[in-house]
Engineer: 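Quick one: structure below, then a few questions.
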2 protein chains.
Amino acid sequence: MAAKFELIKKYILEKIESGEWQENAPVPSENKLAEEFSVSRMTARRALEELSQKDILVRTKGSGTYVASLKSQGSMFEIRDIADEIKERGHEYSATVIELGEIDAIAATAIALDVKIGAQVHHSVIVHNENGKPVQVEERFVNPEMAPDYLGQDYTEISPHEYLSQVAPLTEARHTIEAISSTQQVCDWLKLVKEEPCLQLIRRTSSKQGVVCFARIIYPGSSYRLSGQLTFPDN
Amino acid sequence: MAAKFELIKKYILEKIESGEWQENAPVPSENKLAEEFSVSRMTARRALEELSQKDILVRTKGSGTYVASLKSQGSMFEIRDIADEIKERGHEYSATVIELGEIDAIAATAIALDVKIGAQVHHSVIVHNENGKPVQVEERFVNPEMAPDYLGQDYTEISPHEYLSQVAPLTEARHTIEAISSTQQVCDWLKLVKEEPCLQLIRRTSSKQGVVCFARIIYPGSSYRLSGQLTFPDN
DNA sequence: ATTTAAAAGTTGTATATACATCTTTATTGT
DNA sequence: ACAATAAAGATGTATATACAACTTTTAAAT
């Protein structure tokens, strides 16, 4: 039989995963959880404390416990939102939607998304511009079952990453990074006059319900960098 | 005044950082710590438990608490040890030491290592081979104060990473990845016949005592990949 | 010597309690 | 209406206790 505090953790995680408790939503207090689950306060506390140490919850003395900002989750090795980064630099950000529609999944896509070959999947190609100049291209294949409204969004306003985070919070992502030479297609998208080494980041995102998204993000290697941080105990 | 359990955590971390307690070393039991620090068992337990959740300690019911394998630390976004990876594939691994000595720190190196410009720092260039073919070059600048014996190691036997992990465990690393075109020097080292897009990973490693190492690791982008994983709560 | 059984040691879970510290809300006085 | 104060509510730290479950060591029996 599972431990009591694990059941409470599970309960909270489910609320967050389902989207019922969004970012910054208040979580029941130690005493409330203790009463609802018929456990002592210390047991309820343990559940909250452990989730807080995993940065899923944020606790404030005197105030309460809240769902953490999900962006802080992935930040260990998340590409900082390109829009934020550009704006922070004081430059103008814009996005160009090159493609947004459905396509048949070829074998590689089907495997990555865990759907049948030939199945219709959502597909988008978006170019991010800094001061009007393209600096990053982002191609995504999205499992329609996980995000049925994917095609209905305005991606000049909200980034796909942002939207998908709302639809499927608490996801796990696997990344692969490689250096490639820009293909003709990439040269077109990024308006490169010649071939250039590029960073290609492939990201496969899944939640407990299944694979959400398969993304290919390409930077011209010379102009942009991807930074990751391996943190370690503060003390 | 700091909380009692924080003092115990600090005590344990210092033992590990100093190297006094190595990998898999036994850590005093809850009861022993409770007695030594004159606290209740629950307080000592809290210190051990929190360090265990950060993967610094490993606890086994009935047996005891031990210092975790440090390699599991960085594994979230550590480049898997190239030697291991090659051996796992059933291929032959070898390393070629191209350079091993001292050099004057130029400005960029000095800043990265937090030493004075012109100071002598340890320097190594090592090429890793798979079945005799070079697949990765690794250039390192090492702060001599942190690892005085760096030059005395046999890097065909032990990897610099492995050695440095012993000298300075519990480090924090910052990574930057970019795509570059191979320079002539890199072409020489990797025996590339023509320019090729490469992944360049720059890693700056520091412990609490200071900056340990500044490393530049270059892969031919087409043949090798760097994989990272963003994990998320198991439940 | 080998096996078996008991004991001791260690971590895991759970509870009840006490008090500290901070925040938010409600009350009261002007 | 405003400000000051009090009360209530929340998290933070610490302790003492009890028992469960597992491992290692010790002791005993064969």
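Lettering follows sequence order; numbering is per chain, from 1. Remember, predicted model here, so these are calculated numbers, not experimental data.
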Engineer: Within this structure, what is the CZ-to-C1' distance between B:Arg59 and C:dG12, rounded to whole angstrom?
Structural biologist: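 My rounded result for the distance is 9 Å.
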Engineer: Tell me the interatomic distance from B:Leu48, atom CG, to C:dT13, atom C1', rounded to whole angstroms.
Structural biologist: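 Whole-Å distance recorded here is 16 Å.
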Engineer: Could you state the interatomic distance from CG (A:Leu100) to CG (A:Leu151), rounded to the nearest 0.5 Å?
Structural biologist: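 A:Leu100 CG to A:Leu151 CG: 5.0 Å, rounded to 0.5 Å.
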Engineer: Take B:Glu130 and B:Glu92 through the side-chain contact (heavy atoms from CB on, under 4.5 Å) test and state the conclusion after the steps.
Structural biologist: CA-CA 6 Å; B:Glu130 179 167 7; B:Glu92 181 230 344; over 6 Å; no
Engineer: What integer distance in Å separates A:Lys32:NZ from D:dA10:C1'?
Structural biologist: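 My rounded result for the distance is 10 Å.
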Engineer: Using the closest heavy atom to pick a nucleotide of DNA chain C for each, name whichever of A:Gly62 or A:Thr43 lands nearer the 5' end.
Structural biologist: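 Whichever sits nearer the 5' end wins; that is A:Thr43.
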Engineer: For a quick check under 3.5 Å, do A:His161 and A:Glu138 share a side-chain donor-acceptor pair by atom type?
Structural biologist: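 Side-chain D/A pair, A:His161 to A:Glu138: absent.
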Engineer: Which of these nucleotides, C:dT24, C:dA16, C:dA18, is closest to any side-chain atom of A:Ser40?
Structural biologist: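 Shortest atom-to-atom distance from the side chain points to C:dA16.
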Engineer: As a test of reading the structure: which of D:dT13, D:dT23, C:dT24 is closest to the side chain of B:Ser63, going by heavy atoms?
Structural biologist: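 Nearest to the side chain of B:Ser63 among the choices is D:dT23.
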Engineer: For the residue pair B:Tyr155 and B:Tyr150, categorise the inter-ring angle as parallel (less than 30°), tilted (30 to 60°) or perpendicular (more than 60°).
Structural biologist: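 Because their plane-to-plane angle lies in the 30° to 60° range, the rings of B:Tyr155 and B:Tyr150 count as tilted.
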Engineer: Which whole-number value in Å describes the distance from A:Tyr66 OH to C:dT23 P?
Structural biologist: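 Answer to the nearest Å: 11 Å.
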Engineer: When you look at A:Arg140 and A:Ser124, which way does the side-chain hydrogen bond (donor to acceptor under 3.5 Å, both in side chains) test go after all the steps?
Structural biologist: CA-CA 5 Å; A:Arg140 293 184 115 99; A:Ser124 66; 5.8 Å; no
Engineer: Between D:dG12, D:dA16, D:dA21, which one does the side chain of B:Met42 approach most closely?
Structural biologist: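 Out of D:dG12, D:dA16, D:dA21, the nucleotide with an atom closest to B:Met42's side chain is D:dA16.
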Engineer: When only distance counts, do a donor and an acceptor, one from the side chain of B:Arg41 and one from the base of C:dG12, lie under 3.5 Å apart?
Structural biologist: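 Side chain to base: pair found, below 3.5 Å.
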Engineer: Report yes if a side-chain nitrogen or oxygen of B:Arg45 is closer than 4.0 Å to either non-bridging phosphate oxygen (OP1 or OP2) of C:dT11; otherwise report no.
Structural biologist: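 No, no such contact exists.
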Engineer: To the nearest Å, give me how far apart CG (B:Asn31) and P (C:dG12) are.
Structural biologist: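 Going from CG in B:Asn31 over to P in C:dG12 covers 13 Å.
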Engineer: Where the side chain of A:Thr65 is defined as all heavy atoms beyond and including C-beta, which of D:dT11, C:dT24, C:dA14 is the nearest nucleotide?
Structural biologist: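 So the side chain of A:Thr65 is nearest to D:dT11.
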Engineer: Between atom CD in A:Glu35 and atom C1' in C:dT15, what is the gap in whole Å?
Structural biologist: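 One finds 16 Å between C1' of C:dT15 and CD of A:Glu35, rounded.
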Engineer: Provide, to the nearest angstrom, the distance between the CD atom belonging to B:Glu50 and the P atom belonging to D:dG12.
Structural biologist: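 Atom-to-atom, B:Glu50 to D:dG12, this comes out as 11 Å.
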Engineer: Looking at the side chain of A:Lys4, which of C:dT15, D:dG12, C:dT11 is the nearest nucleotide?
Structural biologist: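 Output: C:dT15.
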Engineer: In whole Å, what is the span from the CD atom of A:Glu6 to the P atom of C:dT13?
Structural biologist: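 It is 7 Å, rounded to the nearest whole Å.
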